[in-house]
Amino acid sequence: MTFRQGFILAFLIINTITDIRKKEISLGSVFCFFVAGAVWIFRDEDLGWLEGCLGLIPGLILSAVSFPTDGAIGFGDGLLVAVIGFYLG
């Protein structure tokens, strides 16, 4: 397992526990992991800013879908997918 995979796994575990206990996604942890991802992409030679930003698109679309569906798909869930997409490109 690479460091990036371990970091994403930790991100998912933290937010899964929070979601199960409180029925919500912690926007603070999403923001912290997003900032860490931005630093990671800045240092990484394999993944550039363009790939990272393009990876955000599916999650942002998913977040946008939460409004017309009255939260059937949660806004926080879409942000979670966006941050994972940012890491993976």
Side-chain angles (χ1 to χ4, degrees):
M1 177 182 301
T2 66
F3 180 75
R4 181 183 294 172
Q5 291 170 338
F7 206 64
I8 292 171
L9 182 62
F11 175 62
L12 289 172
I13 289 171
I14 290 168
N15 282 290
T16 298
I17 292 169
T18 304
D19 194 20
I20 289 171
R21 288 185 181 168
K22 298 181 180 180
K23 302 290 184 201
E24 64 183 30
I25 301 293
S26 170
L27 295 181
S29 75
V30 171
F31 178 74
C32 288
F33 275 90
F34 177 76
V35 170
V39 170
W40 181 269
I41 285 178
F42 183 71
R43 292 184 52 232
D44 192 2
E45 296 174 359
D46 295 333
L47 184 65
W49 282 101
L50 179 62
E51 292 88 359
C53 290
L54 289 175
L56 288 170
I57 293 172
L60 296 177
I61 291 171
L62 192 60
S63 291
V65 169
S66 74
F67 294 111
T69 62
D70 293 326
I73 299 171
F75 181 75
D77 297 326
L79 292 179
L80 192 83
V81 171
V83 170
I84 292 171
F86 187 63
Y87 272 89
L88 298 177

Output for pair (Glu51 CD, Leu88 CG), nearest 0.5 Å, gives 12.5 Å

In this structure, would Ile14 and Leu9 fall into the same cluster of hydrophobic residues linked by side-chain contacts under 4.5 Å? no

Quick one: are Leu12 and Leu80 in side-chain contact, heavy atoms under 4.5 Å? yes

Minimum heavy-atom distance between Ile73 and Ser66, given as atom pair plus value: O-CB, 2.7 Å

Distance alone, cut at 3.5 Å: any donor-acceptor contact between the side chains of Asn15 and Ser29? yes

Does one hydrophobic cluster hold both Ile17 and Leu79, with members joined at side-chain heavy-atom distances below 4.5 Å? no

Heavy-atom closest pair, residues Leu62 and Asp77: CD2-O, 4.4 Å

Do you reckon Leu60 sits in the same ILVMFWY cluster as Leu54, going by side-chain contacts under 4.5 Å, direct or chained? no

Supply the atom-to-atom distance Ile57 CD1 to Phe86 CZ, rounded to the nearest 0.5 angstrom. 12.5 Å

I need the single residue from Ile13, Thr18, Ile20, Asp19 that forms a side-chain contact (heavy atoms from CB on, under 4.5 Å) with Thr16. Which is it? Ile20

When you compare the side chain of Val30 with that of Ile25, does any pair of heavy atoms fall below 4.5 Å? yes

Are Ile84 and Val39 linked, directly or through intermediate hydrophobic residues, by side-chain heavy-atom contacts shorter than 4.5 Å (ILVMFWY only)? no

Can you check side chain to side chain contact (heavy atoms under 4.5 Å, CB included) on Phe11 and Tyr87, steps first, answer last? CA-CA 11 Å; Phe11 175 62; Tyr87 272 89; 5.9 Å; no

So, for Phe7 and Phe33, is the gap between ring centers shorter than 6.0 Å? yes

Would a single hydrophobic cluster contain both Trp40 and Val83, if residues Ile, Leu, Val, Met, Phe, Trp and Tyr are joined by side-chain heavy-atom contacts under 4.5 Å? yes

